[in-house]
Number of protein chains: 2
Amino acid sequence: MARKKSQTESSTETTETTRRAPMRDFSRSLPMSLLRAREAVMRQFRPSLRNHGLTEQQWRILRALTTVDAIEVTELARVAFLLGPSLSRILRDLEARQLIERRAAKADLRRAVVSISAKGLKLIEAVAPTSEAIYAEITSRYGARKLAELQDMLGVLERSLVAMEVAGEESGEIEE
Amino acid sequence: MARKKSQTESSTETTETTRRAPMRDFSRSLPMSLLRAREAVMRQFRPSLRNHGLTEQQWRILRALTTVDAIEVTELARVAFLLGPSLSRILRDLEARQLIERRAAKADLRRAVVSISAKGLKLIEAVAPTSEAIYAEITSRYGARKLAELQDMLGVLERSLVAMEVAGEESGEIEE
DNA sequence: CGATTTCACTTAACATGTTAATCATCTGCC
DNA sequence: GGCAGATGATTAACATGTTAAGTGAAATCG
């Protein structure tokens with residue numbers, strides 16, 4: 001908890017003008033930096049996905065399904081990084097479009113097991129070339145080594161924050 | 001693409017086998033890395049914001065408004081990095097809650113000028129200490145220098161991609 | 001001027017993010 | 001076996017993301 005308030009005070013003089021240089025500090029916050037970077041990346045992919053009638057999340061799910069034979073919904077949510085409710089809706093739609101197949105797990109009827117269909121695979125194969133070309137272009141422009149370094153730093157950040165959450169819970173704040 | 005199919009039977013311990021190293025390449029893509037990192041960051045802030053009845057976007061807007069006297073909607077969308085329709089809805093709600101004030105520009109009745117209200121300022125001041133403490137904690141955990149380097153790399157990436165878009169348009173694809 | 005086009009929003013419509021509640025099954029314990 | 005609590009998945013409700021269409025005001029051009 002010990003935290004010295006050092007650069008938190010600089011906001012007074014950062015607001016030197018209040019009219020020009022609109023919120024330099026704010027737009028440079030970490031969440032904003034990450035948001036803008038991700039948006040800049042996705043803006044490259046969205047048109048191609050859209051041409052094939054897929055949203056970004058639908059693509060993530062189908063893409064994930066190509067790497068496994070079948071997978072339970074909860075596990076799919078984890079790998080595709082979607083919350084349960086979003087995944088539920090999307091799976092319903094993808095199933096209606098016959099891009100995926102779903103069945104109940106024999107040993108536990110609560111669990112649903114999902115897999116990609118032949119039609120879904122065909123769709124993926126139609127989109128993949130463009131996507132990979134875009135990804136290659138990004139890698140080329142930014143630099144493969146730099147890109148790897150960036151992703152490494154993002155991974156470290158992610159793990160730092162998970163550790164931070166754990167640290168915050170080990171007191172007695174599990175009250176509800 | 002090649003991934004050896006293990007087993008999806010034996011539901012109980014399938015979780016054991018399947019959860020290790022599934023789709024390594026996919027979950028390591030740049031968009032996923034950025035998404036997970038940002039989510040890990042925002043997960044730290046959301047509870048505090050929620051306690052004050054604010055969403056992330058509402059906070060972004062109010063926070064942006066504290067750095068200027070008044071600002072036009074389009075410009076606010078640019079700084080807070082929100083699309084017009086989202087901003088329209090949020091401004092409507094914030095205005096109903098009397099956290100902001102809105103008036104038409106004298107010189108151009110199409111434009112609306114927004115500013116934060118006294119009530120909005122008070123709310124910001126109530127939330128800011130916690131937010132800044134969290135941000136300081138993140139900075140401390142990850143390292144201030146490393147954080148600055150990360151944000152710099154994100155900025156470079158963003159500019160690379162903008163340049164990439166421009167390059168894609170300079171042929172004749174401005175057809176409708 | 002006056003019609004047309006452009007511009008600054010705003011609405012509409014649909015998909016997802018987010019949290020809470022619901023539902024069905026499962027598990028542990030008696 | 002049966003019941004209370006845990007668990008997997010879905011549904012509900014509201015907020016935002018995203019693209020397209022609509023609205024009113026301003027700029028442009030004939």
Side-chain angles (χ1 to χ4, degrees), chain A residues 31 35-36 38-51 53-62 71-78 80-97 100 102-114 176, chain B residues 11-12 14-15 19 31 35-36 38-51 53-62 71-78 80-97 102-114 176:
Chain A
L35 179 59
R36 279 202 307 258
R38 185 177 140 79
E39 176 54 30
V41 172
M42 287 316 302
R43 187 166 22 240
Q44 314 296 320
F45 290 99
R46 257 190 285 268
S48 162
L49 292 177
R50 184 171 178 74
N51 283 342
L54 287 177
T55 66
E56 175 195 338
Q57 292 80 359
Q58 292 167 350
W59 164 258
R60 284 221 300 273
I61 292 174
L62 293 180
I71 188 172
E72 291 176 7
V73 171
T74 299
E75 177 68 0
L76 180 56
R78 195 184 63 79
F81 208 70
L82 293 169
L83 294 179
S86 292
L87 184 54
S88 261
R89 283 178 305 219
I90 301 175
L91 288 181
R92 168 165 50 73
D93 299 347
L94 292 179
E95 190 175 24
R97 291 165 66 181
I100 66 165
R102 173 157 44 173
R103 64 182 200 282
K106 302 179 188 69
D108 186 342
L109 295 185
R110 291 171 306 181
R111 300 167 189 262
V113 176
V114 181
E176 178 57 10
Chain B
S11 318
T12 4
T14 296
T15 338
R19 89 174 170 207
L35 180 58
R36 279 202 307 259
R38 186 178 139 77
E39 176 54 29
V41 172
M42 287 316 302
R43 189 167 17 244
Q44 314 296 321
F45 290 100
R46 257 190 285 267
S48 161
L49 291 178
R50 185 171 177 75
N51 283 340
L54 286 177
T55 67
E56 175 196 337
Q57 292 81 358
Q58 292 167 350
W59 163 259
R60 284 221 300 274
I61 292 173
L62 292 182
I71 187 174
E72 290 177 7
V73 172
T74 299
E75 176 68 1
L76 180 56
R78 193 185 64 78
F81 207 71
L82 293 168
L83 294 179
S86 293
L87 184 54
S88 261
R89 284 179 304 220
I90 301 174
L91 288 180
R92 169 168 47 74
D93 299 346
L94 292 179
E95 189 175 23
R97 290 166 67 182
R102 175 156 44 173
R103 64 182 200 279
K106 302 179 190 72
D108 187 341
L109 293 186
R110 292 172 304 183
R111 300 168 188 262
V113 176
V114 181
E176 183 75 7

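Chain letters run A, B, ... following the sequence lines, proteins first, then strands; residues in each count from 1.
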**Request:** With sequence neighbours left out, write down each residue that passes side-chain contact (heavy atoms from CB on, under 4.5 Å) with B:R46, or none if nothing qualifies.
**Result:** B:E39, B:M42, B:E56

**Fill in**
Closest non-hydrogen contact found for A:V114 with A:V73 is CG2-CG2, 3.9 Å

**Nearest-angstrom distance from the residue atom CZ of A:R111 to C1' of C:dT25** = 11 Å

**Message:** Generate the contact string for nucleotides 18-23 of chain D. Rules: B means base contact, S means sugar-phosphate contact only, - means no protein heavy atom under 4.0 Å.
**Reply:** BBB---

**Prompt:** Does B:Q57 put a side-chain nitrogen or oxygen below 4.0 Å from OP1 or OP2 of D:dG17?
**Reply:** yes

**Request:** Could you tell me, to 10°, how much the axis swings from one end of the helix from C:dC1-D:dG30 to C:dC30-D:dG1 to the other, five pairs per end?
**Result:** 10°

**Prompt:** Mind checking what makes side-chain hydrogen bond (donor to acceptor under 3.5 Å, both in side chains) contact with B:R89, not counting sequence neighbours?
**Reply:** B:S86

**Prompt:** What's the CG-P distance between B:L91 and C:dT11, to the nearest Å?
**Reply:** 11 Å

**Item:** Note, A:R97 side chain near A:L54 side chain (heavy atom, < 4.5 Å)
**Value:** yes

**Complete:** Sorted by chain and number, sequence neighbours left out, side-chain contact (heavy atoms from CB on, under 4.5 Å) with B:R110 holds for B:D108

**Asked** For the pair made of CG in B:L54 and P in D:dT16, what is the distance, rounded to whole Å?
**Response** 10 Å

**Item:** Atom pair CG/CG of B:L82 and B:L76 - distance to nearest 0.5 Å
**Value:** 7.5 Å

**From D:dA15, C:dT10, D:dA25, nucleotide with atom closest to B:D108 side chain** = D:dA25

**Prompt:** Quick one: B:L94 CG to D:dC14 P, roughly how many Å, whole number?
**Reply:** 18 Å

**Request:** Scan A:R43 against the nucleic acid and name what it touches under 4.0 Å (heavy atoms): base, sugar-phosphate only, or nothing.
**Result:** nothing

**Prompt:** About how many Å separate CZ of B:R60 and CD1 of B:I90, when rounded to the nearest 0.5 Å?
**Reply:** 8.0 Å

**Asked** Which atom names give the shortest non-hydrogen contact between B:A80 and B:I61, and what distance separates them?
**Response** CB-CG1, 4.4 Å

**Request:** Consider the side chain of B:R110, meaning its heavy atoms from C-beta on, and name the nucleotide among C:dA8, D:dG17, C:dT11 that approaches it most closely.
**Result:** C:dA8

**Asked** Does the pair A:R78 and A:E75 meet the rule for a salt bridge (Lys or Arg N to Asp or Glu O under 4.0 Å), with working shown?
**Response** CA-CA 5 Å; A:R78 195 184 63 79; A:E75 177 68 0; 3.0 Å; yes

**Item:** Nearest-nucleotide comparison on DNA chain D, the residue closer to the 5′ end among A:A112 and B:D93
**Value:** A:A112

**Request:** Specify the residue among A:L109 and B:V113 whose closest nucleotide of DNA chain C lies further upstream toward the 5′ end.
**Result:** B:V113

**Message:** Applying side-chain hydrogen bond (donor to acceptor under 3.5 Å, both in side chains), can you list everything that pairs with A:R43, at least two apart in sequence or on another chain?
**Reply:** B:E165

**Message:** Taking any heavy-atom pair under 4.0 Å as a contact, classify A:L82: base, sugar-phosphate, or nothing.
**Reply:** sugar-phosphate

**Prompt:** So what does A:S88 hit on the nucleic acid, given a heavy-atom distance under 4.0 Å: a base, only sugar-phosphate, or nothing?
**Reply:** base

**Complete:** In whole angstroms, the gap separating P of D:dA26 from NZ of B:K106 amounts to 14 Å

**Request:** Using atom CE of A:M42 as one end and atom P of C:dG17 as the other, report the distance to the nearest whole Å.
**Result:** 12 Å

**Prompt:** Does A:R92 place a side-chain N or O at less than 4.0 Å from the phosphate oxygens OP1/OP2 of C:dA15?
**Reply:** no

**Asked** Can you check the A:R60 CZ to C:dT16 P distance for me, whole Å?
**Response** 10 Å

**Prompt:** According to a strict under-4.0 Å criterion, is B:Q58 in side-chain N/O contact with OP1 or OP2 of D:dT16?
**Reply:** yes

**Prompt:** Can you check the A:E75 CD to D:dT7 C1' distance for me, whole Å?
**Reply:** 16 Å

